[in-house]
There are 2 protein chains.
Amino acid sequence: MLNFNPKLAGLMTALSDPTRLAIVERLSLTPLSVSEIAAPFDMSLAAIVQHIQVLEKAGAVRTFKRGRTRRCIIDTDGMAILKSWLTDRERFWQGQFDNLEAMLDAQAHNNKEETDT
Amino acid sequence: MLNFNPKLAGLMTALSDPTRLAIVERLSLTPLSVSEIAAPFDMSLAAIVQHIQVLEKAGAVRTFKRGRTRRCIIDTDGMAILKSWLTDRERFWQGQFDNLEAMLDAQAHNNKEETDT
DNA sequence: GGAATAGTCAAGTCATGACTTAACTATCTT
DNA sequence: AAGATAGTTAAGTCATGACTTGACTATTCC
């Protein structure tokens, strides 16, 4: 449907975890090594490594290993998938709320109170 | 950090499930009732109801009950949170890859092969 | 009023996913 | 070469979340 990208669900899943979202948040400001990413979290380094692997597989983050340290950075290409998905669908959303109101009114012979419960 | 919205994690979580993403996908084209949403899925109606509740609590979808049917529609305000989060961070991502290259080269005395494994 | 329709709520099951610890590899430093 | 640093992998635990079924409520149709 439209440009629905199979990577999208994986991206969303990767970003759904609060820790991973916070990682992306910090990486948005500057690239960081694995230990630097781990520092503020009350969590084992191994756990952070796992999170980074999830982010990388999903296409949210890219990493480069130099020597014994791994540098992490936002995967702008991957994130662009999310952005364009949103942008494409926005076009359809516009004016849809008005249409809904019209539709509701159309099929409502009797003008009851609208319940949103 | 920046305009980090507490609703963001919830939104991401709501959209991380493939079924819910598909629901949002269909609602992007047109508003639907609960049963209409459920129709194409090989899943109980109760399960779909639960998904819709998750989407609504997260701010991805709005619903209106008229009589015994509930109409569902994309929550454009809620989705705008996601959009603006992405847009805001994009500014920082730009050029960050080039900076990374520079940084890597700067701290690389010896020009080894770059391993991205 | 009675039957069909549209949806909701409550339990309970099961798989997945977010951690842990421990053992290990690779790379610097001195 | 030896110890410290940076990260990785594997195996196991535990909580959460995605379903199910079954009983129930509210509305519309005949």
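Any value given below was found using the heavy atoms of this structure, including those in side chains, with hydrogens, waters and symmetry copies removed.
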By side chain to side chain donor-acceptor pair (under 3.5 Å) - contacts of Lys57(B) (at least two apart)
none
Any donor-acceptor pair under 3.5 Å from Arg71(B) side chain to Arg66(B) backbone:
no
Starting at NZ of Lys57(A) and ending at P of dT8(D), how long is that distance when rounded to a whole Å?
11 Å
Would one find a side-chain N or O of Arg66(B) under 4.0 angstrom from OP1 or OP2 of dA6(C)?
no
Rounded to the Å, how far apart are Leu55(A) CG and dG17(C) C1'?
14 Å
In the structure I gave you, are the side-chain heavy atoms of Cys72(B) and Leu32(B) within less than 4.5 Å of one another anywhere?
no
Each nucleotide of nucleotides 18-23 of chain C classed B (base within 4.0 Å of a protein heavy atom), S (only sugar-phosphate) or -, in 5' to 3' order, makes SBBB--
Listed pairs, N/O of protein and of nucleotides 3-5 of chain D, under 3.5 Å:
| unit_1 | atom_1 | unit_2 | atom_2 | d |
| --- | --- | --- | --- | --- |
| dT5(D) | O4' | Arg68(A) | NH1 | 3.4 |
| dT5(D) | O2 | Arg68(A) | NH1 | 2.7 |

What's the CZ-C1' distance between Arg71(A) and dA6(D), to the nearest Å?
12 Å
Please work out if Val34(B) contacts a base, only the sugar-phosphate, or nothing of the nucleic acid, heavy-atom cut-off 4.0 Å.
sugar-phosphate
Check whether any side-chain N or O of Thr13(B) sits under 3.5 Å from a backbone N or O of Ser16(A) as a donor-acceptor pair, and report yes or no.
yes
Could you tell me how far apart Ile48(A) (CD1) and dA6(D) (P) are, to the nearest whole angstrom?
16 Å
Taking CG from Leu32(B) and C1' from dA6(C), how many angstroms apart are they, rounded to a whole number?
15 Å
For Ala14(B), does its backbone N or O pair with a side-chain atom of Arg20(B) as donor and acceptor, under 3.5 Å?
yes
Rounded to the nearest Å, what distance is computed from the CZ atom of residue Phe64(B) to the C1' atom of nucleotide dA6(C)?
18 Å
Please give, in whole Å, the distance from dT8(C) C1' to Glu56(B) CD?
13 Å
